[in-house]
Protein chains: 2
Amino acid sequence: MARRRRAEMLEETRAKLIDAARAAFAEKGYAGASMDELTARAGLTRGALYHHFGDKRGLLAAVVDRLDSEMAARAHEIGQRHANAWEGLLAEGGAYIELARDPEIQRIVLLDGPAVLGDPSQWPSQNRCLLATMTTLEALSREGVVKPVDVEAAARLINGAALNAALWVAASDDADVLDRATDAFRQLASGLLALAPSTSPS
Amino acid sequence: MARRRRAEMLEETRAKLIDAARAAFAEKGYAGASMDELTARAGLTRGALYHHFGDKRGLLAAVVDRLDSEMAARAHEIGQRHANAWEGLLAEGGAYIELARDPEIQRIVLLDGPAVLGDPSQWPSQNRCLLATMTTLEALSREGVVKPVDVEAAARLINGAALNAALWVAASDDADVLDRATDAFRQLASGLLALAPSTSPS
DNA sequence: TGATTTGACATACGCTTCGTATGTGTCATT
DNA sequence: AATGACACATACGAAGCGTATGTCAAATCA
């Protein structure tokens with residue numbers, strides 16, 4: 001069998017640990033997940049974990065960073081699909097709402113993450129999400145589509161509203177809740193528009 | 001000395017435990033707070049705690065319920081002060097933002113609470129907050145001030161935006177962040193208005 | 001190529017903490 | 001006055017985290 005390089009092995013174990021942790025945290029929650037069990041499932045021991053991530057919290061940070069990056073990339077991509085930048089912003093928000101219905105993201109990013117790692121707005125990954133929204137808003141502001149506005153503040157509130165909507169959608173089994181949340185989101189966002197918002201612009 | 005009734009004592013120990021837990025959770029966080037230390041500071045032992053609250057989680061639920069009720073009452077009261085219902089809604093949101101700057105509320109209600117107790121929109125106390133906002137919105141909708149809107153969805157998003165703004169405000173030391181967040185909140189909320197929002201209505 | 005060092009893990013240990021099971025004293029009831 | 005219930009304290013077991021230590025392969029170098 002071909003011998004693999006050391007760096008390869010290292011990356012592989014890191015990935016295995018992150019994957020195992022992602023599953024364990026999602027299933028049992030951060031506090032409920034045992035590091036012994038988690039590492040054993042990955043075919044390793046706690047030794048590997050502490051060597052790579054320092055402590056349990058470091059492991060969560062790594063998992064969160066990964067999930068959050070995936071979210072940002074996906075939401076931004078969806079936003080980019082729209083020729084109209086304003087529709088892109090709305091779609092981006094809608095994408096966040098949908099993404100956050102994923103139980104893994106729910107539990108790890110939205111619930112345990114803030115409690116263990118502190119305010120999300122301080123995370124490097126969250127800043128990526130925020131930056132994407134801010135960039136879009138900035139462009140819209142230059143084009144005159146939205147009113148002159150504090151871009152950072154507006155972006156934070158928009159993201160916050162979307163994430164909260166996602167929590168609501170995820171907690172209820174009702175199928176139409178997603179649509180209700182999305183509609184309300186669009187209405188709220190229209191408050192940023194320079195022109196009087198039309199009820200159904202499409 | 002006057003002998004107190006049994007029920008009085010009972011309520012007093014409950015209150016002492018909740019107060020001690022409130023302080024301990026705020027200072028060390030839920031996970032970091034030791035129940036031995038917490039109860040000792042109240043002049044009791046863990047026995048009392050498990051007798052009254054079942055487990056650590058039950059104690060947190062009691063603390064959260066208390067804090068959250070205080071928030072709802074205070075915010076609603078502030079909203080009531082305004083003759084104009086629309087300004088009342090905005091003031092209510094602003095009040096949430098300000099209230100959440102309190103480190104106790106920050107840590108216990110906004111960070112640890114959701115992680116341990118689950119989605120806040122399922123809490124009885126949170127429903128009180130929500131109901132207040134919904135009532136105001138409903139009235140505004142009847143008066144024709146805001147567009148016909150899904151009241152529950154709009155209320156949830158508004159509350160979510162306010163809470164998220166509060167996290168941001170609390171995390172940054174910048175003094176003007178509070179104003180920036182409040183302004184952005186008002187702009188977003190104006191998306192619900194039936195008429196084209198004026199830039200500075202007051 | 002053989003010796004040495006570095007680094008990636010495994011193993012072993014102690015400490016803390018939670019939850020429960022059991023004990024004890026005091027207040028109501030009869 | 002005796003009994004039962006209740007409010008709490010004490011004692012115990014188990015689990016989990018972090019650290020300190022050990023080990024073996026891989027990289028470096030003479």
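Quick note: numbers below take in every heavy atom, side chains included, and nothing from hydrogens, waters or symmetry partners. Order of the sequence lines fixes the chain letters, A, B, ..., with proteins taken first and strands second; residue numbering starts at 1 for each chain.
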B:K16 and B:E11: CA distance, side-chain angles, deciding distance, salt bridge (charged side-chain N to carboxylate O under 4.0 Å, His left out) verdict: CA-CA 9 Å; B:K16 277 200 289 189; B:E11 269 312 308; over 6 Å; no
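The distance between atom NZ of A:K28 and atom C1' of D:dG16, rounded to the nearest whole Å, is 14 Å. The distance from atom CG of B:L17 to atom C1' of D:dA9 is 13 Å, rounded to the nearest whole Å.
Judged purely by atom type and a 3.5 angstrom limit, B:S190 uses its side chain to pair as donor or acceptor with the backbone of B:Q187. Of the possible donor and acceptor atoms, none in the side chain of A:K56 sits under 3.5 Å from a partner among the backbone N and O of A:Y50. A distance-only check finds no donor-acceptor pair linking the side chain of B:N164 to the backbone of A:L157 [under 3.5 Å].
Remark: B:E77 engages B:R81 in a salt bridge, criterion side-chain N to carboxylate O under 4.0 Å. Salt-bridge formation is not detected for the pair A:R107/A:E27: no Lys NZ or Arg NE/NH1/NH2 atom is positioned less than 4.0 Å from an Asp or Glu carboxylate oxygen. Taking a cutoff of 4.0 Å between a charged side-chain nitrogen and a carboxylate oxygen, A:R66 and A:E70 qualify as a salt bridge.
Within residues 50-62 of chain B, the residues having any heavy atom under 4.0 Å from DNA chain D are, by residue number, B:H51, B:H52. DNA chain D is contacted by A:M35, A:R46 of residues 35-49 of chain A, taking any non-hydrogen atom closer than 4.0 Å.
A close approach under 4.0 Å does occur between a side-chain nitrogen or oxygen of B:T13 and OP1 or OP2 of D:dC8. The side chain of B:S34 contributes no N or O atom lying less than 4.0 Å from OP1 or OP2 of C:dT16.
The shortest non-hydrogen separation linking B:A166 to B:Q106 is O-NE2, 3.8 Å.
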